[in-house]
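Below: the structure, in structure tokens.
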Amino acid sequence: MIIVLKRNISINDKEKIINYLQEKSFRVKEIVGDEESILGAVGHNGIDLREVEIMPGVAKVIPISKPYKLASREFKKSDTVFNVGPVTIGGNRVTVIAGPCAVESREQIIESAYAVKAAGAVMLRGGAFKPRTSPYSFQGLQEKGCQFLKEASELTGLPVVTEIVAPNDANMMKDYVDVFQIGARNMQNFELLKTMGKLGKPVILKRGLSATIEEWLMAAEYIMAEGNDNVILCERGIRTYENFTRNTLDLSAVPIIQQLSHLPVIVDPSHATGLRDKVSPMALAAVAAGANGLIVEVHPNPEVALSDGPQSLYPEQFEKLMCDIKVLAPVMDKELVTIPKTNPVQSIINKTEKHIGAAFQGVRGAYSEMAVYNYYGSEIGYPMPMPTFKDVFDAVLDGRAESGLIPLENSLAGSINENYDLLKCYSDISITGEVKVRVSHSIIGMKGSKLENIKEVYSHPQALAQCSAFIEKNGLKPIAHYDTAGAVKDISLLGDKTKAAIASSASADIYDMQILQEGIETHPGNYTRFAVIKREDVYETTDWNKVSMVFTIKDEQGSLSKYLSIFNKYNLNMTKIESRPVHGKPWSYTFYIDVMFDGDKSLFKEIEEELTNQAEDFRLLGLYQACK
Ligand code: PEP
Ligand code: MN
């Protein structure tokens with residue numbers, strides 16, 4: 001029942017009502033609204049409502065006619081809104097949760113977390129326990145999976161959602177998980193519902209395969225009756241006679257739930273349709289229907305997914321979906337939830353265990369990704385794409401990446417100054433290797449497109465300049481883009497057969513595009529040299545023949561030539577010198593020098609000492625093997 005209180009009720013009278021109801025075994029909850037304050041009372045005992053009605057301070061008593069009480073709009077008029085870490089759910093918000101169906105490995109869930117976060121998801125999903133139709137299918141990594149989820153969460157700052165299948169697992173899972181999911185098959189597993197109610201952590205309650213809306217709300221009531229109000233309802237399609245799609249998405253459930261209940265309702269278009277190309281249209285339809293959020297399956301490599309690959313979006317498709325939601329949400333008077341940028345938590349910094357792969361700047365298919373493969377071979381697993389060079393340095397510094405590959409110079413365009421500046425700033429990072437990549441450009445269009453029909457060509461200005469003869473000969477309009485492989489990715493999303501991109505051949509495959517012609521650069525001798533960076537002491541290696549260093553010299557006449565004479569004295573063969581302005585000190589310079597050293601390594605400390613003494617400021621950047 002709902003007891004509407006008089007505006008001027010005394011604290012004493014209110015307490016008397018609460019005590020009376022509690023004595024009669026009612027659970028009582030006070031809800032303070034702008035216009036009126038009410039007490040919601042739920043219990044098994046029938047009492048004569050008039051006994052409450054006559055108590056001082058009571059304006060009126062309304063019985064709740066629905067079988068579900070706590071979940072009903074009658075009980076609570078305003079939308080339930082709550083936070084999961086930095087993420088808000090409910091009310092006029094659209095909260096997007098994304099990730100793979102299952103946690104398959106540490107690398108896979110971490111890569112997924114970064115990918116969905118980059119696109120704008122605010123929570124990560126991934127099943128550690130997979131209730132599968134067949135007992136022979138992959139059943140999930142279980143506790144290990146929860147640990148990987150937790151790690152991905154710590155790295156990205158995204159709270160995590162995972163399914164619980166048995167009450168016994170709750171204790172083990174609770175410290176790894178931010179939101180528990182109750183799967184469709186368990187919607188009426190009442191013991192599990194009660195356990196989730198007692199545990200008190202937020203719960204996503206999926207609608208059962210053949211559950212009515214009322215049965216679904218009754219399941220929510222089980223969780224709430226144990227004292228947990230943080231329930232999110234999730235429509236994920238129901239069984240009908242239609243079998244073109246995996247299930248039939250009942251989108252009308254969204255406005256119906258919003259009328260019957262104050263709980264947030266989200267939509268899972270992935271399990272609802274089971275078909276990748278139907279996921280985005282239904283996700284947008286769900287936002288248009290007023291859903292409070294989405295939970296979407298996204299996999300970095302759906303072809304090899306251990307479960308639900310055919311319904312998992314490629315990260316690029318998810319990015320496009322998020323762009324569309326950004327446009328649609330305000331039309332529906334909704335705000336797309338974002339989380340503030342955070343630094344990775346301190347606890348993961350200084351970890352000594354081996355970290356995953358190598359970070360590079362750019363998107364998949366970038367020449368920097370080729371550098372990763374050239375250096376490490378194909379065993380590297382997942383190279384980690386990062387938006388900026390600084391992100392690569394940060395990932396290496398805080399342990400998200402074991403190493404990073406950064407371009408230092410191009411044989412046609414010269415040095416990449418930003419990376420020289422970063423090498424100086426990040427004093428805990430050293431160069432541990434180098435690799436050269438031959439930059440050979442291809443023109444890449446949509447599948448089925450023809451070179452003679454291409455009108456516009458997109459790429460990084462440097463790549464456009466390097467292919468200027470080809471562009472002119474074919475009468476193409478060059479359009480500058482921030483990135484080579486990024487241009488291929490964007491053209492693939494546009495689907496226009498008159499547009500093409502200039503990038504590596506590898507990027508054509510990655511974005512399912514077609515190479516129209518390879519080797520279109522004006523000068524075929526185009527190479528980029530990359531440094532491998534690690535958070536490692538320079539003297540950790542004994543296998544080296546090349547030295548990189550950075551220094552500033554004293555402000556005295558002839559000091560540079562005096563300094564360079566040290567190289568001569570020790571027969572150090574200088575292969576590169578680069579100068580950069582010292583920030584904040586106009587007309588002062590920092591010098592970067594590479595030398596080859598094949599002398600007695602035990603003497604090198606002495607050389608280093610001399611170089612240090614003669615400079616104002618000196619640091620060894622790295623000792624490593626030169627590439628051929
Ligand atoms: C899932 O989200 O991975 C899942 C198994 O969903 P459902 O319970 O809706 O089938
Ligand atoms: Mn799934």
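Keep in mind it's a predicted model, so treat the numbers as computed, not measured. As the structure lists them, so they are numbered: ligands from 1, and atoms in each ligand from 1.
- Every atom of ligand 1 is numbered from 1 in the order shown, and the set under 4.0 Å from a heavy atom of Gly183 is 8 (O).
- Using modelled atom types and a 3.5 Å distance limit, the side chains of Asp308 and His299 yield no donor-acceptor pair.
- Looking at Tyr376 and Ser403, their side chains do bring a donor and an acceptor atom within 3.5 Å of each other.
- Assignment of Gln181 to the shell around ligand 1 is supported, since a heavy atom sits closer than 4.0 Å.
- Taking only non-hydrogen atoms, the option from Glu297, Arg185, Lys130, Lys206 nearest to atom 6 (O) of ligand 1 is Lys206.
- For Glu297, the N, O or S atom with the smallest separation from the Mn ion (ligand 2) is OE2.
- Under the 3.5 Å distance criterion, with hydrogens and angles disregarded, no donor-acceptor pair is assigned to the side chains of Gln317 and Ser280.
- Using modelled atom types and a 3.5 Å distance limit, the side chains of Glu303 and Tyr314 yield a donor-acceptor pair.
- For atom 9 (O) of ligand 1, the nearest non-hydrogen atom of the protein is Arg236 NE, 2.6 Å.
- The aromatic rings of His481 and Tyr458 sit perpendicular, their planes meeting at an angle over 60°, well past the 30° parallel limit.
- Neither side chain, Gln147 nor Lys150, offers a donor N or O lying under 3.5 Å from an acceptor on the other.
- At the shortest separation from atom 4 (C) of ligand 1 among protein heavy atoms lies His271 NE2, 3.4 Å.
- By the 4.0 Å N-to-carboxylate-O rule, Lys76 lies too far from Asp229 to be salt-bridged with it.
- Annotation: atom 5 (C) of ligand 1 to nearest protein heavy atom, Glu163 OE1, 3.7 Å.
- Rounding to the nearest 10°, we obtain 170° for the angle at the Mn ion (ligand 2) between Cys101 SG and His271 NE2.
- If you check which protein heavy atom lies closest to atom 8 (O) of ligand 1, you get Ala184 N, 2.8 Å.
- Asp308 contributes OD2 as its N, O or S atom closest to the Mn ion (ligand 2).
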